[in-house]
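First comes the structure, then the notes that go with it.
Model, not experiment: these values are computed from the prediction.
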Amino acid sequence: MEKEWTMIIRPQEKLWKVNLKEIWDYRDLIELFVKRNIVTVYKQTVLGMGWFLIQPVLTVIMNMVVFGGIAQMSTDGLPQALFYLAGNVCWFYFSDCLNQTSSTFLANQGIFGKVYFPRLVVPISTVISNLLRFGIQLGLFVAVYLYFLINGTDVCPNWAILIVPFLIVMMAGLGLGFGILISSMTTKYRDLTILFTFVVQLWMYATPIVYPISMVTNETLRTIIMLNPMTSIIEAFKYATLGQGYFSWEALGYSFAFMSILLVWGVVIFNKVQRSFMDTV
């Protein structure tokens with residue numbers, strides 16, 4: 001009898017190519033991984049998803065004590081709680097996407113070695129599942145925002161609020177790009193995991209989260225900070241929601257171009273490593 005194959009697996013011919021149709025065909029698996037990522041976070045915990053709120057609350061309190069109280073850093077005339085929360089909410093989403101996708105190969109080597117599916121499904125599902133945490137923390141930001149607004153604080157959103165979804169996509173793209181790139185590198189060099197964890201912690205201070213970019217008057221230092229692709233995104237988010245911050249289409253264009261090149265580069269390295277990573281790990 002003539003056999004008909006329901007699936008034909010071929011080697012990836014071009015490293016830069018992403019089979020979007022194949023990933024779409026595995027959308028049920030993406031949904032399954034998203035549910036798994038969410039459940040494993042709060043399963044068998046006392047507060048459950050409450051931890052998603054505790055993290056930014058404690059971080060903002062510490063920022064208010066150290067940077068607002070002791071260091072007396074400017075917040076451009078904005079309430080400290082709002083200023084710090086706006087930056088931290090964005091940074092938490094980016095860093096969560098980066099940190100979790102950076103262990104894609106090592107954390108999933110068991111399932112990768114047993115069954116075939118597009119490997120990009122795993123980091124993509126991680127980025128999507130982190131949207132739940134981001135949504136909860138964004139809800140906290142909105143609640144604090146409304147509190148200050150009702151009490152007469154001079155803060156108000158502007159037209160730039162319309163591009164906030166675009167800013168979220170850029171944060172997700174940067175986290176995904178850096179994550180799959182780091183994941184590909186750490187399959188062979190395990191100690192790079194420690195290095196990148198340290199780098200991400202320092203990276204936060206190179207991003208205007210606890211200080212406004214207007215506070216940086218040294219031109220050389222300001223240029224270095226602006227080369228950070230997260231700088232323009234966080235500043236644009238603050239400008240859109242709080243009315244204070246540095247907004248520049250050129251800076252956002254740079255961040256978008258950086259994200260695009262990073263994703264292409266990350267996919268190339270990811271596709272190259274996935275061919276033989278089981279022999280390495």
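Listed here is the closest heavy atom pair of Ile182 and Ser102: CG2-CB, 3.8 Å. The shortest non-hydrogen separation linking Leu221 to Asn218 is N-OD1, 2.9 Å. Closest of all the heavy-atom pairs between Ala172 and Val127 is CB-CG1, 3.5 Å.
Under the side-chain contact (heavy atoms from CB on, under 4.5 Å) criterion, Ile261 pairs with no residue, sequence neighbours left out. When the side-chain contact (heavy atoms from CB on, under 4.5 Å) test is applied to Leu195, the partners found at least two apart in sequence or on another chain are Leu192, Val199. In this structure Val57 satisfies the side-chain contact (heavy atoms from CB on, under 4.5 Å) test together with Ile61, Leu140, sequence neighbours excluded. The side-chain contact (heavy atoms from CB on, under 4.5 Å) search around Glu31 returns Asp28, Lys35, not counting sequence neighbours.
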Derivation and outcome, side chain to side chain contact (heavy atoms under 4.5 Å, CB included), residues Tyr84 and Met64: CA-CA 8 Å; Tyr84 295 135; Met64 292 173 64; 3.7 Å; yes

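Annotation: the span from Met170 atom CE to Met230 atom CE amounts to 9.0 Å, rounded to 0.5 Å. In this structure, the separation between OG1 on Thr75 and CG on Asn63 is 11.5 Å, given to the nearest 0.5 Å.
Classification of the Phe141-Phe237 ring pair by plane angle, with boundaries at 30° and 60°, yields tilted. Between Trp249 and Phe247, the two ring planes are perpendicular [angle over 60°; tilted spans 30° to 60°]. Relative orientation of the Trp203 and Phe178 rings is perpendicular, given thresholds of 30° and 60° on the angle between their planes.
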Going by atom type alone, with no hydrogens or angles, which donor-acceptor pairs under 3.5 Å involve a side-chain atom of residues 143-152 and a protein atom two or more places apart or on another chain?
from: Tyr145; atom 1: OH; to: Cys156; atom 2: N; distance (Å): 3.4
from: Tyr145; atom 1: OH; to: Thr241; atom 2: O; distance (Å): 2.9
from: Asn151; atom 1: ND2; to: Tyr147; atom 2: O; distance (Å): 2.6

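The other residues sharing a hydrophobic cluster with Leu202 are Phe198, where clustering joins ILVMFWY side chains under 4.5 Å apart.
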